[in-house]
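Every number for a ligand or one of its atoms is a count from 1 in the order of the listing. Below, each value reflects all heavy atoms present in this structure, side chains not excepted, and no hydrogens, waters or symmetry copies.
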Amino acid sequence: MHQELSSVPRGQRHATSLLQSCMWVAIAPLLFAISLHAQQSLSINTLLPQPTKLQASAGALPLTSLFTVASNAVRNPVLASATRRMLDEIEQKTSTQLSKTLGSETGNATLTITLTDPTPQRPTLETDESYTLNVTASRITLQAANVFGALHGLETIKQLVEPQNGVYVIPAVSITDNPRFPWRGLMLDVGRHFLPLPVIYRTIDAMAAVKLNVLHLHLTEDQGFRLESKRFPRLTEMGSDGLFYTQEQMRSVIAYASAHGVRIVPEFDVPGHVTSWLVGYPELGSMPHDYKIGRTFGVWDPALDPTKESTYKFLDSFIEEMAALFPDEYMHMGGDESNGKDWKANPAIAAYMQQHKIKSTDDLQVYFSTRVLALVKKHKKQMVGWDEILQPNTPKDAIIQSWRGAASLNTAASQGNRSILSAPYYLDAMKTAERMYLDDPIPADSKLTPEQTKLILGGEVTMWAEQVTQETVDSRVWPRTAALAERFWSPQNVRDVDDLYRRLEVESIRLDALGLTHISVPNMGLRQLAGSERGAAQLAVLISTLTPASFHFRYEQQKTSQLTPMGNVVDFTRPDPPLRQDFRLLVERYLHTTDAEHELARQQLESLFHAWIATRPSIDALALDHPLLNGVKLRREQLPQLGFLGVQSLGFIEAKSPPDPAWVQTQAVLLKQAAEPHDIVDFVVLPPLQSLLDASQQH
Ligand code: ACM
């Protein structure tokens with residue numbers, strides 16, 4: 001059977017699955033294990049990202065302690081360590097003791113890895129990342145042009161391991177896979193809140209697991225300069241609060257990233273967002289302020305002085321130093337949100353503009369970024385910048401990272417500039433994985449010509465750090481970023497949201513096993529907020545229904561700064577938590593099935609609603625001794641009311657007797673109030689409750 005990946009329309013996936021009685025079948029996620037588990041022999045495709053082509057056949061390779069690996073590239077250290085990691089992880093997952101040697105005798109090995117060119121050890125934008133993987137009942141062959149394609153194949157093998165009939169197997173399958181885009185990135189803002197090395201390392205682990213290949217480090221901000229410069233030591237001595245990476249540490253990060261197929265692209269943001277530079281080197285600034293490390297967030301006035309040759313002399317030397325430290329061919333020089341105020345305020349800069357016929361501060365920024373681009377090129381790098389650097393006369397070799405909207409991506413491409421899309425992928429906006437996933441760098445209705453389309457290199461998810469700390473960052477990044485990893489890797493027509501969530505749930509657990517803290521830290525937070533494990537279990541019922549409010553609402557409420565403590569309820573809620581999708585599917589099942597399935601869904605809904613109702617006395621009691629719970633006082637009151645709405649709607653639907661209009665009116669008001677922003681956390685369960693309320697009136 002050949003199954004091209006197709007996007008089965010939403011809602012039909014489940015029915016289609018039941019028709020395909022063999023092999024690769026998608027099963028809708030079930031809130032609680034139910035009837036479909038009887039079909040033991042099904043293999044469930046949980047690959048994330050989905051491969052370009054997948055052909056399943058009958059049979060499976062059993063995992064036993066006789067499993068061996070051999071390659072024609074045993075001397076490639078990247079391959080040796082990646083193979084070892086794969087074997088360690090499979091051993092852990094299946095509790096099957098495995099031999100950890102990578103042999104060169106490919107004749108009899110269970111897994112044979114063949115590389116066309118065994119030499120490359122560092123990924124580049126041009127690296128061919130494709131691979132083919134064939135699994136039969138007795139052999140696996142993995143072929144790739146180089147080790148970086150092989151790394152992706154090894155990740156796919158790990159994701160294929162599954163239990164079948166009581167033993168762990170790798171199902172027989174033939175995969176041909178390659179990325180849709182060569183630039184599949186994640187940006188971490190380590191400037192506003194410093195993220196220490198363990199965060200960086202585990203982020204790289206997770207990126208490799210989902211085939212992302214660019215870690216963009218936003219290293220400098222008004223609030224902190226986070227990388228040692230030996231030539232300009234005051235940058236970190238005076239601009240970092242002691243929170244920065246040494247060059248030696250950064251070299252280790254780069255080596256670790258390379259060994260995981262990930263490029264490190266550093267960003268030094270100029271000419272704005274530079275307050276931390278100016279604390280130690282005020283002469284670079286446009287005004288003679290008494291510069292201090294920024295604590296509050298926003299767009300600040302300080303900017304490098306673009307009219308002084310000494311500024312370019314400094315940047316020339318700094319870029320030279322950084323170009324030697326970072327092996328990647330690309331260097332990001334920022335360029336965003338420079339408001340021009342300090343430029344206008346300085347009479348010498350105004351005179352310079354007049355003398356050189358520079359009409360606006362935007363044009364002055366073009367002049368500045370053209371000079372910076374020349375310096376970056378002088379040191380053998382290509383420059384990336386935020387979309388402000390794009391003007392009609394921007395040099396064609398600058399790469400534009402589009403953050404204010406997809407428009408600049410297309411403008412860049414039509415001007416002949418390469419570009420990267422980030423605007424829809426701002427994790428701090430707290431949108432659902434679904435919302436972001438459906439935004440495509442090249443949508444089906446794109447007006448670009450095929451030539452222009454080629455200039456779109458891919459996308460980058462961005463984690464701005466105003467409202468995250470080293471504790472909470474993982475839960476903001478994962479698993480939502482895995483959804484976008486699929487957007488950037490898989491064919492454009494892979495867009496089935498239910499199927500995404502089914503696989504995302506599995507991937508989230510795989511990332512948890514890798515050491516990511518997106519599940520463990522929120523759970524730790526519950527125990528801290530509630531002061532006991534029992535209290536945490538009660539609180540979990542409430543927290544599972546909540547998601548952090550949008551960036552802007554939180555900012556307005558909290559006036560969040562670098563000094564704001566971040567151990568409140570909002571910080572331990574998870575963006576797009578699993579209950580949103582699970583509850584939606586459960587209500588759909590209740591409303592659209594009959595007989596046993598309908599009855600089971602009814603029972604599950606009823607217990608859920610009773611659990612919500614029961615939070616009232618338990619959390620009120622907890623809050624007496626745990627005052628941080630008062631931060632969500634309104635949500636604590638609303639959840640039990642939503643539970644009553646649910647139970648009573650079920651009652652009306654089952655009795656086929658419509659409710660009294662006054663009751664409906666009260667519930668409608670409750671839903672409306674529960675949807676209003678408050679307590680800097682939002683409910684994720686409201687639309688399905690509305691569906692139940694609507695259904696209760698249809699008899
Ligand atoms: C940005 O969000 N200022 C690039």
Note to self: Taking 4.0 angstrom as the limit and counting only heavy atoms of Glu337, give me the atoms of ligand 1 inside it, by number and element.
What the structure shows: 3 (N)
Note to self: Angle between ring planes, Tyr330 versus Trp183, binned at 30° and 60°: parallel, tilted or perpendicular?
What the structure shows: perpendicular
Note to self: With respect to Asp336, determine whether any N or O atom, backbone or side chain, lies less than 3.5 Å from an N or O atom of ligand 1.
What the structure shows: yes
Check: Which of these passes salt bridge (charged side-chain N to carboxylate O under 4.0 Å, His left out) with Glu129: Arg263, Arg184, Lys211?
Finding: Arg184
Note to self: Would Arg234 and Tyr281 count as a cation-pi pair here, with the cationic atom under 6.0 angstrom from the ring centre and within 45° of the axis?
What the structure shows: yes
Next item on the list: Check ligand 1 against Trp464 and write out every atom of the ligand that is under 4.0 Å from a heavy-atom position of the residue.
Entry: 1 (C), 2 (O), 4 (C)
Item checked: Candidates Glu466, Arg226, Gln562 - the one meeting side chain to side chain contact (heavy atoms under 4.5 Å, CB included) with Arg192 -> Glu466
Next item on the list: Could you tell me whether Trp403 and ligand 1 have an N or O pair separated by under 3.5 Å?
Entry: no
Check: Mind checking whether Tyr426 has an N or O less than 3.5 Å away from an N or O of ligand 1?
Finding: yes
Next item on the list: Scan Thr481, Val468, Val473 and name whichever one has a side chain to side chain contact (heavy atoms under 4.5 Å, CB included) with Leu427.
Entry: Thr481
